[in-house]
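One structure is given here, and the rest of the page talks about it.
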Amino acid sequence: MPRVDQNQRRRRGTGLIALDPDAAFPGLTLFAPLTGGGDVYLVDLHGTTAHRWRFPYRPGRHARLLAGGELAYNGVLPGEESLFPMWHKYRGGVMLRAAPDGTVLWEHRDPRQHHDAHHLDDGGVLYTGVEPLRGAEARTVLGGVPGSEAGGTTVWADTITEVAADGSPRWSWRAAEHLDRADYPLHPDYSREHWPLVNSVTPLADGNVLASLRSVSAVVVISRATGEILWRSRPGTLSQQHHPTELADGRLLVFDNGVYRPGHDVPYSRVVEIDRARGEVVWEYHDPARESFFAPFMGSAQRLANGNTLVTDSPAGRLFEVTPDGYLCWEYVIPHFGAYTENEVRTLFPAEPNAVFRAYRYAPEEIPWLQAAHP
């Protein structure tokens, strides 16, 4: 064994890094390490594990607590073929809900599901998937690196599907049908294997659907009635973003990764609020030393009940909370490191990461079963 740990993130220290208990939102934080094999953790503000679940599938990609106390978990379906080199990195395929003791109460499978699956209060689930475009259809997709199609011929285009509690489909949307190719070209440095790469999907208060299109740097609102794009973020506002969510006032909170940010030679990540009516950023957080907070892929942000924001610096396994004026009041680095099991993913990401896709904070009263178990 080497005397010096060669994993820089682990070497820098893990667990609780910072806490101002007077400023932080009291509660517990949920996360699922991407290489954890299927473990989901609920930790308190001091980083102590309050509860743990274990599933037979590694995360594909995250877990979330539902209002009724069940855990929604998206896992990687074993034994599936790789559609393209990055597919095993972000695919899923198993969408389930489980009791606090880990008993699986409901499960839906779709081998082409990837990135996000938003479990609904009525027992259904809204999720992203892919379908193949080949030949003339593939050539209609603009941008990207020429000749980089999957298998040399295929562009995998995104779909969004909603199924009911019994697994029956009740709504669907196809990027190939509803996105204008000229308005949504791939970034010129991106592979043409996947377009436009929908990494987040969630219902809005008005019933329409909010989606993040990473590889074309756009957040859009999709009409549930017609499938048309009702609104999109202004080009140049966001760069390879993740996890847009609707706030109580209708604004959108977005994790803006900052890859290929127009007009900036040094990349940095930030969290922004966008006023949809004006299309403008009306609040943002970035580290005082901008370059010290940069997540080139993945990431999330959650607005908490006290106005603070929980931020997931996904590749670094770093979770932190900031107040509205940008004061960092809590920071925790996930201590669970591991290697990806698929050879293709391990070749692309050979280090042992502690990465997570998203984390969520819950007030104690939102987890009554935990209080009952630990009075």
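In what follows, residues are counted from 1 in the order of the sequence shown. Small disclaimer: the values here were computed from a predicted structure and weren't measured.
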Just to verify, what does [X] make a ring-ring contact (aromatic ring centres under 6.0 Å, His included) with, not counting sequence neighbours?
X: His264; answer: Tyr268
X: His88; answer: none
X: Tyr327; answer: none
X: Tyr41; answer: Phe31, His336

Inset, instruction - Please list, chain by chain and in numerical order, all residues satisfying side chain to side chain donor-acceptor pair (under 3.5 Å) with Glu273, sequence neighbours excluded. - result: Arg251, Arg303
Legend entry - Results of side chain to side chain donor-acceptor pair (under 3.5 Å) for Asp189 - residues two or more places apart only: none
Inset, instruction - Determine the sole option in His194, Arg174, His115 for which the side chain to side chain donor-acceptor pair (under 3.5 Å) test with Asp158 is passed. - result: His194
Legend entry - Pair listing, ring-ring contact (aromatic ring centres under 6.0 Å, His included) test, anchored in residues 124-144, at least two apart: His108-Tyr127
Legend entry - ring-ring contact (aromatic ring centres under 6.0 Å, His included): pairs with one or both residues in residues 298-323, sequence neighbours excluded: Tyr285-Phe320, Phe293-Phe320
Legend entry - For Phe357, the rest of its hydrophobic cluster, which grows through side-chain links under 4.5 angstrom: Leu34, Leu83, Phe84, Met86, Trp87, Tyr90, Val130, Trp156, Leu197, Phe297, Met298, Tyr340, Val345, Leu348, Phe349
Inset, instruction - Could you note down all residue pairs passing salt bridge (charged side-chain N to carboxylate O under 4.0 Å, His left out) where residues 61-81 supplies at least one of them, sequence neighbours left out? - result: Glu70-Arg97
Legend entry - Listed once per pair and sorted, the salt bridge (charged side-chain N to carboxylate O under 4.0 Å, His left out) pairs that draw on residues 102-120, sequence neighbours left out: Glu107-Arg109, Asp116-Arg358
Quick one: side chains of residues 133-143, donor-acceptor pairs under 3.5 Å with protein atoms, not counting sequence neighbours, listed by atom name and distance.
residue	atom	partner	partner atom	Å
Arg134	NE	Thr154	OG1	3.1
Thr140	OG1	Glu137	O	2.6
Thr140	OG1	Arg181	NE	3.1

Legend entry - Whether Tyr360 and Tyr362 hold their rings parallel, tilted or perpendicular, with breakpoints at 30° and 60°: tilted
Legend entry - Least distance between heavy atoms, Thr14 atom then Arg9 atom: CG2-O, 4.4 Å
Legend entry - Distance-minimising heavy-atom pair for Leu19 and Trp330: CD1-CD1, 3.7 Å
Legend entry - Any donor-acceptor N or O pair under 3.5 Å, side chains Tyr190, Gln240: yes
